[in-house]
Each structure stands twice: as C-alpha cells, then as structure tokens.
Asker: 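Can you keep this structure in mind? I'll have questions shortly.
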Amino acid sequence: MHTTHQRKSTTLVHKSSSNTFFLFSNPSTLLVISMACIFFVSLVLFLSLPSATDSRNAPHAVKPNADAPPSISPAIRQACKATRFPSPCETSLTQSKQVPPNPTPLQLIQSAIWVSSQNLHTAQSMVKSILNSSSGNLNRTTAANNCLESLRNSEYRISRTTEDALPHGRIKDARIWMSASLLYQQDCWSALKYANDTQMVNSTMSFLDSLVGLTSKALSMVFSYSIFGNNIGLWAPPKTERDGFWMGGGGSGSDFRGGFPSKLKADATVCKDGSGGCYKKVQDAVNAAPDNAGERKFVIHIKEGVYKETVKIPLEKKNVVFLGDGMGKTVITGSLNVGQPGISTINTATVGVSGDGFMASGLTIQNTAGPDAHQAVAFRSDSDLSIIENCEFLGNQDTLYARSLRQFYKSCRIQGNVDFIFGNSASVFQNCQILIHPRTDPAQATGFIFQNCLINGTEEYMVLYHNKPKVHMNYLGRPWKLYSRTVFIHYKFEVLITPEGWMPWDGNFALKTLHYGEFGNSGPGSNLSKRVTWSSQIPTGHILTYSVENFIQRDEWIPSSQ
C-alpha cells in the first residue's frame, strides 16, 4: 500500500492541512544518500490559491469603469489573446491609459507590467496597514512581515524585468523574473491565509488575488513574445508539454560538466575560535560583504567546525560564496521549526539566501528539528544564478527549499523523510537528487530537472522494504499544482519504486495539465509496463528542452570544468 500522512491543522505555522504523500513510508527514518547521489521524490508544498485571474471587484484593483469608452484598440485586443483570460486583460490595459498609439509589442508588455506594478504598490500599503494594526498578535505580525518581504522580492524582480531585461532583449531573464514575481505575490497571499482573522486581512487577500491575475497576464505576454517575437498575430495563451508544445533549444543534454569555479581566493574567513582575525560567526562574515557589488564575488572560507546559527543573505548581498572544508567537516546547523510560536516555514531556514549569484561548496547545512516538529528547512534559496556543489543538506521535513529562480545543484546529498525538496524554481539537479515540482501558471519558466542520479534507500530502510515490500511502496510523486513539471533523465531507479511510478493527488486533479517525464532511465524501478497513463516518455527529439544550457541558460553563468 502507499502511505500518506496527515499534516496538522494550524493557524499560521503550517502550510497545509491537506494529506501529503511521502516517498518513504517510515516518517521517523532519515534517508541518507548512500551512493554517488540519491534522489527521493516528495510533494512540493504550496498553499492552494483560488483562481486569481478574474477577480475584478477587489478594492483598488484596475477594474471596469462605467464611464470608460467601450472601444478596445486592435493592438490591445491582439496582445490580450496571449492570456488565458482576455476580457479582463483588455479592460485593465485600456483603462490604464499607458498604451501609446500604434504600440510596439514591447510597449504592450511594459504597459501590462506597469498595471501589475501599480497594484503591487497598493498591495504593499494594504499589508503595511495590517502590520501596523497587529501589535500583540504574533501570528498576524509574522504573516504581514513575511508578506511584505515577498512583495519586496516581487517588486525587485519586476523592476529588473522592465529596466534590465526587456530593454536589452533578454527575454529568458524577463520570463524567469516575472515567474518569480508571480510566485512571491502568491506567497504573500498564502502567508495571510493563516492569519485571516479580520476584514482588513480578508480584503487584502481579495486584492492580492486580483494582483496575481494581472501579473499572470503580463507573464503570458512575455511567454508569447519569447516564442513569436514581434509577430503579435501569433500570440496565444501559454501551452505546455501536455499540449504538445516543446521549448526548443540545444546544449549538451545530461553530459554537461560545468559547475563551481576553481581557484577562488577568500575575502573573509570564519573559524570557531576567532583567531588570526577571522570571524567567529558566518553571519558576521556575510554582513561584511559589500552591498550590490556588481559581478565581483565575495568568498567566505568557513573552516572546519560546527557553527550553531541561523544565517541570512539578504537581497543586496550579491555573489556571496561559501567555501567549506568538506561535507561533514564544515557544518552550519539550526533547529527552527513551525512548532515554535510565530515561526512559519520560510522563517525556519538554517541558511536562507536572497542575494543573486550565491555559490556554495564543501559544507553541510542542517536543521536538527526532529520529525515531530514538522516543517523545518535547512536551506532556502531565492538566489538567481545559484551554484551549489558538493554540499549536504540534512533534515526531516522540508529540508531543501528551492523556492524560486535559476539554481544548479551538482553532486549534492539531500536527506529527509517528508517533502524534503520543494519550491517553484527552475532547478537542475545533476549527479545528486529529487522531487515533484509545482507550477501555478503554465507560463512560468520553472520546473525540476534531475539528471544522472540514483534513487535508493539507506541500508536500514531497504531492510524494512525487503521485509514488507507491499507496505513500503514508494512513488516518484504526485501533483500539488495544476502545472507541476518534473523530469528524470538517465536515472537509476532501484527496486523500491512502485511500477506505477506516479500517484494521483486528489482524484483527477492536474492529471491533464502536469508534465512528469522520464528518459533513458535504468534499474528495476524504471520498468514502464505499468506506469500510469498520465506520465510521459520524453521524445528523443525534445530531450534538449531540458539541457542545462536551454532550461537555465548555463552558458551565461555556470563555468565549464577546467
């Protein structure tokens, strides 16, 4: 039989009260990578968000005006055909008065983003009002602060899209940044969901619902532009692999051999005793890194030792590099978890990164909260163009939170037993492990790609499995969101993977829109004769869709091996 576990109901501190599928059946057993790399599949945890595409009656939103002229320009009408809900798109763009006469496609996109941005500013003001009125209410204060942080991230990604990406023709950057902006707005909504105890919060959530819809429409236009360019007559709602659409591209497939740069020189050193001018805390070394330092890397050598602290790398600390003395030797450890007052999942991370260009090699990051503590993140990354190599992530539930943007993991070890890799990033895991990925919008340039790895259990777990294989049934995962996308390429699936491979989440939910793909896998668990009908074998001609070069544009930021 398969195993499900019930998440405890919560106010703020848990992400869901729904049943969640776990890859391994014994929640008290930590799963350790026992070979070159091991991947365990878990369910990505995101709050269910109501449809945010046509909430036109929210306060302050761009909504129909009885005095507005009924005519809609042909350019706006055509541009809005790129969205899933053209009518509210046409209304918001027409009433924005930001679309010039005879607009270019880029001007139409910029106008759609402007509408989203203006509503984002209103949302920030509304959430600040919630925060100011929440003195003494720990849950609502935490929710409001997390929401504001998410909206700040969303604002930053929108500004980078309009100021850096679109004017310079960097359309793939624009798409990934707008994907992240949409995610952060949804996360703001989700944060407030567990503190919805006043009309002010409820009204703000309604407005955020409308904001998400506006951002989704702008993202859809960026998606069409990335495919059809200025030929606006071809713009159409975003499609996925399940619709027969494959994003073209080249590259080296799963044979790419780049990764962490070599010969880095330390700018700061961390050691346990603080001798010789080194920092005693990792956070102190991070604080010493310059703000917004451009392309220059700030390398922090963290010497062997166990550092008991919570480390945060804020948005302005770019290109920070952690260089440890090896997995198991350099250890950063914490124990924050959602069982503690005023703590939500995102706040539990032992190491949380927001600054772009983060890199790490040769260290262990762990969260020691036990299985009864539920969500307890070891590592959370919102860092675009992030490289993690030869690192170990240890925890129980929600170990690795690959939350957003482009990330590359190589030769890493990830340990956990419940949902221990999750997020909505565009991540490639090479020569290491795992998970089921959710997208809430088909235009998001996100997904999890796993290449050249092994799915297996620890020796302890495999003893349990072989004693009762019909009890310890293990699936690759099941969908949490409509557009979940996970791909396994050249994996070795050991016998513990059940022949069906994948498991439904809730009836037929997402089975027609998700994309769960396999290609060139081996091992007893890779037998396809009994796979569920809604999983896919990736056609050979489309395998380079998931190359490191195409999926996360590695040519622009990941060094080739020396």
Asker: So, taking the atom named NZ in Lys318 and the one named CZ in Arg296, what distance separates them when rounded to the nearest 0.5 Å?
Answerer: 15.0 Å

Asker: Taking atom types as modelled, is there a side-chain donor on His301 or Asp325 under 3.5 Å from an acceptor on the other?
Answerer: yes

Asker: Do Asn347 and Ser344 pair up side chain to side chain, a donor and an acceptor below 3.5 Å, judged on atom types alone?
Answerer: yes

Asker: How far apart are the closest heavy atoms of Glu518 and Gln537, and which atoms are they?
Answerer: O-OE1, 3.3 Å

Asker: Would you say that Ile543 contacts Ile489 through its side chain, given a criterion of any heavy-atom pair below 4.5 Å between the two side chains?
Answerer: yes

Asker: What's the shortest heavy-atom distance between Phe420 and Ile414, and which atoms?
Answerer: CD1-CG2, 3.7 Å

Asker: I need the Ser411 OG to Asn452 CG distance, nearest 0.5 Å.
Answerer: 10.0 Å

Asker: Report the C-alpha separation of Asp398 and Thr345 in whole Å, then their side-chain angles, then the decisive distance to 0.1 Å, and conclude whether the side-chain contact (heavy atoms from CB on, under 4.5 Å) test is met.
Answerer: CA-CA 8 Å; Asp398 291 9; Thr345 300; 3.7 Å; yes

Asker: Using a 4.5 Å cut-off on heavy atoms from C-beta on, say whether the side chain of Ser427 contacts that of Tyr409.
Answerer: yes

Asker: With a 4.0 Å cut-off on N to O distance, would you call Asp356 and Arg157 a salt bridge?
Answerer: yes

Asker: Is Lys281 paired with Asp284 through a side-chain N to carboxylate O contact shorter than 4.0 Å?
Answerer: no

Asker: Check whether the side chains of Glu304 and Thr330 place a donor and an acceptor atom closer than 3.5 Å, and report yes or no.
Answerer: no

Asker: For Asn521 and His490, indicate whether the former's side chain and the latter's backbone hold a donor-acceptor pair under 3.5 Å.
Answerer: yes

Asker: Can the ring centres of Phe493 and Phe488 be said to be less than 6.0 Å apart?
Answerer: yes

Asker: How long is the straight-line distance from CD1 of Ile300 back to CG of Asp267, given to the nearest 0.5 Å?
Answerer: 8.5 Å

Asker: If you take all heavy atoms of Ile497 and Gly525, which pair is closest and at what distance?
Answerer: CG2-O, 3.9 Å

Asker: Salt bridge check: are Arg152 and Glu316 linked by an N-O gap of less than 4.0 Å?
Answerer: yes

Asker: Between Glu556 and Lys172, does any side-chain N to carboxylate O distance fall below 4.0 Å?
Answerer: no

Asker: Looking at Phe551 and Gly447, what are the two nearest heavy atoms and their distance?
Answerer: CE2-O, 3.7 Å

Asker: Do Met359 and Pro261 come within less than 4.5 Å of each other through their side chains, counting heavy atoms only?
Answerer: yes

Asker: Using the rule given for side-chain hydrogen bond (donor to acceptor under 3.5 Å, both in side chains), can you reason through Glu149 versus Asn145, listing the C-alpha separation, both sets of side-chain angles and the distance that settles it, and then say yes or no?
Answerer: CA-CA 6 Å; Glu149 181 67 19; Asn145 278 323; over 6 Å; no

Asker: For Lys272, does the NZ atom have more than 12 heavy-atom neighbours from other residues, nucleotides or ligands under 6.0 Å away?
Answerer: yes

Asker: Just checking, any donor-acceptor pair under 3.5 angstrom between side chains of Thr498 and Glu500?
Answerer: yes

Asker: Within the structure provided, determine whether Ile332 and Leu363 are in side-chain contact (heavy-atom separation under 4.5 Å).
Answerer: yes

Asker: With heavy-atom distances below 4.5 Å as the criterion, would you say the side chains of Gln185 and Leu151 are in contact?
Answerer: yes

Asker: Would you check if Val428 and Gln451 make a side-chain contact, meaning some heavy-atom pair closer than 4.5 Å?
Answerer: yes

Asker: Looking only at atom types and distance, does a side-chain atom of Ser181 sit under 3.5 Å from a main-chain N or O of Met178, one as donor and one as acceptor?
Answerer: no

Asker: Please name the pair of heavy atoms, one in Arg175 and one in Gln444, separated by the smallest distance, quoted to 0.1 Å.
Answerer: NH2-O, 3.6 Å

Asker: Could Asp164 and Arg160 be called an ion pair, given the rule that one side-chain N must be under 4.0 Å from one carboxylate O?
Answerer: yes

Asker: Look only at the side chain of Thr545 and the backbone of Met247, and say whether a donor-acceptor pair between them is shorter than 3.5 Å.
Answerer: yes

Asker: State, yes or no, whether a side-chain contact exists between Phe322 and Ser361 at a heavy-atom distance under 4.5 Å.
Answerer: no

Asker: Looking at Asp291 and Lys317, is any side-chain nitrogen of the basic one under 4.0 Å from a carboxylate oxygen of the acidic one?
Answerer: yes

Asker: Taking 4.0 angstrom as the limit, do Lys492 and Glu494 come out as a salt bridge?
Answerer: yes

Asker: Kindly give the heavy-atom pair with the smallest separation between Val320 and Ala289, and that separation in Å.
Answerer: CG2-CB, 4.2 Å

Asker: Report all side-chain donor-acceptor pairs from residues 378-387 shorter than 3.5 Å, counting only partners two or more places apart or in another chain.
Answerer:
| from | atom 1 | to | atom 2 | distance (Å) |
| --- | --- | --- | --- | --- |
| Arg380 | NH1 | Val353 | O | 2.9 |
| Arg380 | NH1 | Ser354 | OG | 3.2 |
| Arg380 | NH1 | Asp382 | OD2 | 2.8 |
| Ser381 | OG | Ser383 | N | 3.2 |
| Asp382 | OD1 | Tyr184 | OH | 2.8 |
| Asp382 | OD1 | Ser404 | OG | 2.7 |
| Asp382 | OD2 | Arg403 | NH1 | 3.4 |
| Ser383 | OG | Gly355 | O | 2.7 |
| Ser383 | OG | Gly357 | N | 3.2 |
| Ser383 | OG | Phe358 | N | 3.1 |
| Asp384 | OD1 | Arg406 | N | 3.1 |
| Asp384 | OD1 | Arg406 | NE | 3.0 |
| Asp384 | OD2 | Trp177 | NE1 | 2.8 |
| Asp384 | OD2 | Arg406 | NH2 | 2.7 |
| Ser386 | OG | Phe358 | O | 3.0 |

Asker: Take His515 and Val487, measure what side-chain contact (heavy atoms from CB on, under 4.5 Å) needs, and give me the verdict at the end.
Answerer: CA-CA 8 Å; His515 175 58; Val487 173; 4.1 Å; yes

Asker: Could you tell me how the ring of Trp502 sits relative to the ring of Tyr516: parallel (under 30°), tilted (30 to 60°) or perpendicular (over 60°)?
Answerer: parallel

Asker: Side chains of Asn367 and Asn337: any donor to acceptor distance under 3.5 Å?
Answerer: no

